Amino acid sequence: MRWSNTFIPTLRDDPADAEAVSHKLLVRAGLIRQLSAGIYSILPLGWRVCRKIETIVRDEMDKMGAQEFRLPALHPAELWQRSGRWDVMGDELFRLKDRRGAEMCLGMTHEEVFASIASEVRSYRALPQIWYQLQTKFRDEPRPKSGLLRVREFVMKDSYSLDLDRAGLDHAFQLHFDAYRRIFERCGLAPLAVEASSGAMGGSESIEFMVTSDAGEDWVASCGACGYAANLEKATSQLAEVADAAGLAAPEEFATPGVRTIEDLVRFEGGAAAEHQIKTLVYVLDAAGREAPGPPSHQIALVLLRGDHALSEQKLRDGTGAVQARPAQPEEIRAALGASAGSLGAVGVAGIRIVADAALEGRCGMTTGANKDGFHLRGVDVARDVRVDAWLDLREVRAGEACPACGAALGVAKSIEVGHIFKLGTRYTEAMGALVQDEAGNSTPIVMGSYGIGIGRVMASIAETHHDANGIIWPVTVAPFEVVISVLNPGEVEPQEAGERLYDALRQQGIDVVLDLRDERPGVKFKDADLVGIPYRLVVGPRGLAEKKVEWKRRRDGLTRELPLDRAAETVAEAIFEERR
RNA sequence: CGGGCCGUAGCGCAGCUUGGUAGCGCGCCUGAAUGGGGUUCAGGAGGUCGCGGGUUCGAAUCCCGCCGGCCCGACCA
């Protein structure tokens, strides 16, 4: 390609509405343009990067024996109604009607479609299968942000494993785990594989691939000592024992005028330290759970935590089976408990579901609200005074707490989710009637797994982690071009011809090269090459040409060498072959 | 969905308080010089001032409504 007739609209200024580094750089370097909130056009340079990422993904998928499909993006409502997700997915599912008024939606993922196709698999002998596609997903995110990191329309590699049993699923899951490792590594990323919540997807086990970055939106707890890593939605830690004072014979009410928060009560004369308080939160859960179809019903629940602990809403959802969980409104709280936030407690409460964090188990001498505005109870013995329906892990882990595996201090870092793999089980295959006959002739639902990688998010994550003050620094494996030849005096015959010869020679070696013959000042070409992030630059200018040499510069670290003109193509090609892997 | 900020040329912005024929920088086009890190000079093109309504002799500017975008929060497979 020639730079002059390739559409590379670089910008000098950061776009005003961009915050994330990758957003600024991808726009400035001319890879993407925004069309609407969370909707982006991929420009030629961006598309080159995406295609290289896709090629790596396809290569690794094909290596595990997966077969590529192309499924529709437009789905009939009926499909989603069958799995129950039509009601569960809420506003995130783009819904529309066709001309006859039939309800449809745009696919946010493809478990339903693949499972319905899988219903044509009738015999265990046809298993296992791994099916995949690269295709556009639509999710009406409440808040798109950070350029390509969180969007409403994006391309995903999604794959689905079909197996006769759990052991088969475990194997397919492991194949994906290993393939994902290689894919990200080849893209220049080193994501952490972390335990994650499966959320509304359902299933028994899931692992996210997380790239540490401030632009990320998930928090990951990880242990530098033993390698334990988990999304904060799932992470646990070891807690130090708290010594309780001898309890009272019964809870004792005391006046606490003006006390509204845990902190207030810590400071209050006759109050209690936070770890000796019970935090009482009121939540509204949809009780239907994820198995039952139809619109969910709602239920008030009390959520109890140690005073100094924070609730993880995802753990609450996971622990209770709720799909939605939201804090109750003040009126709902008053109706349920007869008091307002600040004086709430679970002692003596009947007829309301009570879930408690495991850290409260066996505690006594605790202080909590009395369900009477301006009053609290002290001397509460949890086992004796509170009717707990379920003990759950509800607490959000904090940095510095002890690793559950080895006891070392956990770190917590912001991360971008670039991939997620799920062991789904039989939820979708049962719903879609994807049953096979096993060896004994019994009909049994296919066991399914699902696995996703966001292509655009991978591209943005690379930009997010590979850049400097001058622009992006693409790894050779995904770079829009591997080499740029900057000809400094394009108006003169000799440099131009030298540039063209180099260009032809590199093309012949199979190198992805762009020739910059634009009538621009050298500085402009250098700035553009750096901004766009091309890994290698060859400079053909009068200075070197006088000695039959060209300058070879590596973007990554600025390493510069003089190469003899007649050997340059060969030398550069060798270096690139080395880095392609 | 709650809170905040913002829509003026391809990009970045000023003008709005105090209404009077729309401006700056970059980029773009033409010409000249220059030629190893966004060079310089001269000339030029380009705008329904987000949309609709109102007030006014007159609205980018004041008022009302709507739409769109960004950030924080809620939410998020």
Side-chain angles (χ1 to χ4, degrees), chain A residues 7 9-20 23-24 27-28 30 33-39 80 83 85 88-93 107-112 137-147 149-152 154 156 158 196-203 206-208 216-218 231 233 290 313-314 317-318 323-327 329 417 419-422 424 427-428 450-454 469-471 486-492 495 518-531 537-546 549-551 553 558 560 562:
Chain A
F7 183 62
T10 57
L11 299 175
R12 282 197 193 218
D13 300 310
D14 281 335
D17 53 9
E19 199 83 3
H23 186 191
K24 291 178 184 171
V27 172
R28 276 194 62 205
R33 285 294 184 265
Q34 182 177 51
L35 184 62
S36 179
I39 304 177
W80 288 73
S83 70
R85 293 209 285 184
V88 163
M89 282 306 176
D91 290 336
E92 211 165 318
L93 188 62
M108 49 165 62
T109 174
H110 283 72
E111 281 77 16
E112 281 83 354
K137 309 291 184 218
F138 298 87
R139 299 179 185 183
D140 197 356
E141 289 283 346
R143 190 177 154 201
K145 59 178 289 201
S146 305
L149 287 177
R150 175 131 138 215
V151 290
R152 297 195 291 172
F154 60 97
M156 177 189 261
D158 48 323
S197 161
S198 298
M201 294 286 290
S206 85
I207 290 178
E208 289 171 333
E217 304 187 78
D218 285 277
N231 192 306
E233 300 173 346
R290 51 183 62 129
E313 291 197 354
Q314 188 63 46
R317 282 188 288 267
D318 290 345
V323 174
Q324 305 272 335
R326 63 164 175 88
Q329 302 293 321
E417 178 190 342
H420 200 160
I421 57 181
F422 298 86
L424 290 179
R427 172 183 170 187
Y428 297 95
S450 93
Y451 316 86
I453 293 178
N470 294 319
S486 303
V487 178
L488 298 194
N489 293 58
E492 295 165 24
R518 289 178 299 167
D519 183 16
E520 291 287 355
R521 305 270 306 189
V524 172
K525 300 187 177 195
F526 296 158
K527 286 284 182 190
D528 270 349
D530 286 352
L531 177 60
R537 187 178 82 199
L538 284 170
V539 178
V540 180
R543 213 153 75 186
L545 231 40
K549 284 182 172 168
V550 290
E551 179 195 280
K553 186 161 186 174
T560 306
E562 297 279 321

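Please read these numbers as outputs of a predicted model, since none were measured by experiment. Chain naming here is simple, since letters A, B, ... match the order of the sequence lines and numbering starts at 1 in each.
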Residue whose closest nucleotide on RNA chain B lies nearer the 5' end, A/Ser197 versus A/Asp13: A/Asp13
Base-pairing mate for B/C66 - Watson-Crick or G-U, with both contacts under 3.5 Å: B/G50
Whole-Å gap separating C1' (B/G27) and CG (A/Leu11): 9 Å
Donor-acceptor pair (no angle test) under 3.5 Å: A/Arg150 side chain, B/C76 base: yes
Whole-Å P distance, B/C11 and B/C70: 15 Å
Pair A/Lys145, A/His23: side-chain N/O donor-acceptor within cut-off below 3.5 Å: no
Nearest-Å distance once atom C1' is located in both B/C51 and B/A60: 14 Å
Between B/C70 (C1') and A/Arg152 (CZ): distance, integer Å: 14 Å
CG-NZ distance between A/Asp528 and A/Lys525, expressed to the nearest 0.5 angstrom: 10.0 Å
Residue A/Glu92, side-chain heavy atoms: nucleotide from B/G38, B/C76, B/C70 that is nearest: B/C76
Along RNA chain B (nearest heavy atom to each residue), the more 5'-positioned of A/Pro142 and A/Lys145: A/Lys145
Euclidean distance, atom CG of residue A/Asp528 to atom P of B/G38 [Å, nearest integer]: 12 Å
Nearest-angstrom distance from the residue atom CZ of A/Arg143 to C1' of B/G3: 11 Å
Interatomic spacing from CD in A/Glu111 to CG in A/Asp158 - rounded to 0.5 Å: 7.5 Å
Short side-chain to backbone donor-acceptor contact, A/Arg152 and A/Glu141, under 3.5 Å: no
Working for side chain to side chain contact (heavy atoms under 4.5 Å, CB included), residues A/Thr109 and A/Met156: CA-CA 9 Å; A/Thr109 174; A/Met156 177 189 261; 5.5 Å; no
Counter-base of B/G2, judged by Watson-Crick or G-U geometry with both distances under 3.5 Å: B/C72
P gap between B/C24 and B/A33, integer Å: 28 Å
Sugar-phosphate, base or nothing in reach of A/Lys137, heavy atoms under 4.0 Å: nothing
Sugar-phosphate, base or nothing in reach of A/Pro9, heavy atoms under 4.0 Å: nothing
Phosphate OP1/OP2 of B/G27 contacted by A/Arg12 side-chain N/O (<4.0 Å): yes
Sugar-phosphate only, base, or nothing, as touched by A/Thr10 at under 4.0 Å among non-hydrogen atoms: nothing
B/G50 to B/C6 separation - C1' atoms, rounded to the nearest Å: 11 Å
Base B/G12 paired with A/Asp14 side chain (donor-acceptor, <3.5 Å): no
Below 3.5 Å is the cut-off: list the nitrogen or oxygen pairs between protein and nucleotides 33-36 of chain B, distance only.
unit_1, atom_1, unit_2, atom_2, d
B/U34, O2', A/Arg521, NH1, 3.4
B/U34, O2, A/Arg521, NH1, 2.6
B/G35, N2, A/Asp519, OD1, 3.2
B/G35, N2, A/Glu520, O, 3.2
B/G36, O2', A/Arg543, NH1, 3.1
B/G36, O6, A/Gly544, N, 3.4
B/G36, N2, A/Glu551, OE1, 2.1
B/G36, N2, A/Glu551, OE2, 3.1

Nearest-angstrom distance, C1' atom, B/A14 to B/C26: 15 Å
Any A/Ser36 side-chain nitrogen or oxygen under 4.0 Å from OP1 or OP2 of B/G68: no
Nearest-0.5 Å distance that lies between atom CZ in A/Arg543 and atom CD in A/Glu562: 8.0 Å
Short side-chain N/O contact to B/C76 OP1/OP2 from A/Arg317, under 4.0 Å: yes
Complementary nucleotide for B/A42 - Watson-Crick or wobble, under 3.5 Å: B/U30
Verdict with supporting geometry, A/Val539 and A/Phe526, side chain to side chain contact (heavy atoms under 4.5 Å, CB included): CA-CA 9 Å; A/Val539 178; A/Phe526 296 158; 3.8 Å; yes
Gap between atoms CZ and P, on A/Phe7 and B/C28 respectively (whole Å): 13 Å
B/C70 phosphate, OP1 or OP2, under 4.0 Å from A/Gln34 side-chain N/O: yes
Rounded distance in Å between the C1' positions of B/A42 and B/C66: 47 Å
Base partner of B/G23, which must satisfy Watson-Crick or wobble distances under 3.5 Å: B/C13
B/U56 pairs with, by Watson-Crick or G-U criteria that keep both distances under 3.5 Å: none
Protein-nucleotide distance (A/Asp530, atom CG; B/G37, atom C1'), rounded to Å: 8 Å
Sugar-phosphate, base or nothing in reach of A/Asn470, heavy atoms under 4.0 Å: nothing
Result of checking A/Ile421, A/Ile207, A/Leu424 against A/Tyr451 for side-chain contact (heavy atoms from CB on, under 4.5 Å): A/Ile421
Nearest-Å distance once atom P is located in both B/G68 and B/C63: 22 Å
Gap between atoms CZ and C1', on A/Arg28 and B/G38 respectively (whole Å): 10 Å
Main-chain N/O of A/Thr10 paired to A/Arg28 side chain as donor or acceptor, under 3.5 Å: no
Side-chain donor or acceptor of A/Ser450 paired with backbone N/O of A/Phe422 under 3.5 Å: no
